[in-house]
Amino acid sequence: MDTDSQMGKRAVILDVDAGVDDAFAILLALASPELEVLAITTVSGNVHVDSTTRNVLRILSLLSWGGLPVVAKGEAAPLKKELFTAAKVHGEDGLGDLGDDYYPPLDWGLVSAKPAAGLLPELVAARPGQVTIVSTGPVTNVAKAIMKAPDLMAQAREIVVMGGAIDTAGNIPPLYAAEFNTYVDPDALDRVLKSGIPVTLVPTDVTHGVCLTRDKAREVLTGPGNAVSRFAFDCAQKYMDFNLASEGIDGAYMHDPLTVATVVDPSLVTTVPRRIYVDTREGMTRGMTVPFRYPDNVEGTPNCRTAVTVDSRRFLRMLLGRIGSSR
Ligand code: BDR
Ligand code: CA
């Protein structure tokens, strides 16, 4: 018997800190017939959760079809650390500062009365063994939900996390030891990895291999009459400006859309089982994801899978094909 939903779709909850690449990830998920998006939960990360929640509603306001998922506002701060944001990268509002007038009126009625950490266990337990949580921000909501309702959350099929920098550089100066999502809430990722729920990490080892250049984005996304793809291009401009100024790269890393894409089509990446430790201490290596390297030792028993290679051309084709045609 098919353990997925009746329609044969994979049931997912998107847990986002809606900045620019989260926006691409949401659009990709909603344009993917393989997925059934049960809810979008929001968290502080790229910007404060008040803004990430508004950003999700802004993105949904551009979509001209019904049946939009429920939105649940989540945690305002990491489990133990103070919030650290990336407004310099994603814009003060998290979506490239296009201004409120850019968007159709927002449907605040989509926002659930329940907070994310309350809704997550409820949705997971409603479909035991079926629901995949795709987290593209700090995993604070997921960790809180696990702390609150471990037995219900244990019924999740999988948690797929954009996070970590394992055999490569992260993106947090000065050492580039850590990746942003893990840096913001290392204690939350530590919790999630200790939960026993199957976890897949999509780290910068693969996401730094998927850069959407400004030229390609302009070519595919700015055709006439498609407000959704136009928005994707417009909101990415500041992000691309930042990358150009800081790294000489005229484009945007598609960290979060790749994470969604691995659920749509797992063959886009290869993964390996590993034991990952998270540095939860303050200091130069805060948020570093360190793999256990000594073979055949019980201390190294895997606690997740991590993505190690990616077919970037096939991924970018999927992303642009789907976002370019979403209405
Ligand atoms: C991650 O950090 C955020 O700025 C992006 O949205 C992505 O989730 C990449 O390190
Ligand atoms: Ca993100």
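What you see is a predicted model, and the numbers here were worked out from it, not measured in a lab. Atoms within each ligand, like the ligands themselves, are counted from 1 in listed order.
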- Task: Please tell me if the side chains of Leu83 and Thr85 come closer than 4.5 Å, counting only heavy atoms from C-beta onward.
- Result: yes

- Query: Mind checking whether Ile159 and Val192 have side chains closer than 4.5 Å, heavy atoms only?
  - Reply: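 With C-beta onward as the side chain, the pair touches.
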
Quick one: table the atom pairs, ligand 1 N or O against protein N or O, below 3.5 Å, distance rounded to 0.1 Å.
| residue | atom | partner | partner atom | Å |
| --- | --- | --- | --- | --- |
| ligand 1 | 4 (O) | Asn46 | OD1 | 2.6 |
| ligand 1 | 4 (O) | His90 | NE2 | 3.0 |
| ligand 1 | 6 (O) | Asp21 | OD1 | 2.5 |
| ligand 1 | 6 (O) | Asp21 | OD2 | 3.4 |
| ligand 1 | 6 (O) | Asp22 | OD1 | 3.1 |
| ligand 1 | 6 (O) | Asn46 | ND2 | 3.1 |
| ligand 1 | 6 (O) | Asp256 | OD2 | 3.0 |
| ligand 1 | 8 (O) | Thr136 | O | 3.0 |
| ligand 1 | 8 (O) | Asn181 | ND2 | 3.0 |
| ligand 1 | 8 (O) | Asp256 | OD1 | 2.6 |
| ligand 1 | 8 (O) | Asp256 | OD2 | 3.1 |
| ligand 1 | 10 (O) | Asn171 | ND2 | 2.8 |
| ligand 1 | 10 (O) | Glu179 | OE2 | 2.5 |

Is the closest basic N to carboxylate O distance between [X] and [Y] below 4.0 Å?
X: Lys144; Y: Asp185; answer: no
X: Glu158; Y: Arg10; answer: yes
X: Glu75; Y: Lys80; answer: no
X: Lys114; Y: Glu122; answer: yes
X: Arg191; Y: Asp187; answer: no

- Could you confirm whether Thr136 has any N/O/S atom lying under 3.0 Å from the Ca ion (ligand 2)?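 Short answer: yes, at least one N, O or S atom is under the cut-off.
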
- Query: Do any N/O/S atoms of Asp21 come under 3.0 Å of the Ca ion (ligand 2)?
  - Reply: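 It does not; every qualifying atom lies at 3.0 Å or beyond.
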
- Message: Tell me the angle that OD2 of Asp22 and OD2 of Asp256 form around the Ca ion (ligand 2), rounded to 10°.
- Response: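 Between OD2 of Asp22 and OD2 of Asp256, at the Ca ion (ligand 2), the angle is about 70°.
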
- Who are the ring-ring contact (aromatic ring centres under 6.0 Å, His included) partners of Tyr102, not counting sequence neighbours? none

- For the Ca ion (ligand 2): the N/O/S atom of Asp17 at shortest distance: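 It is OD1, the N, O or S atom of Asp17 closest to the Ca ion (ligand 2).
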
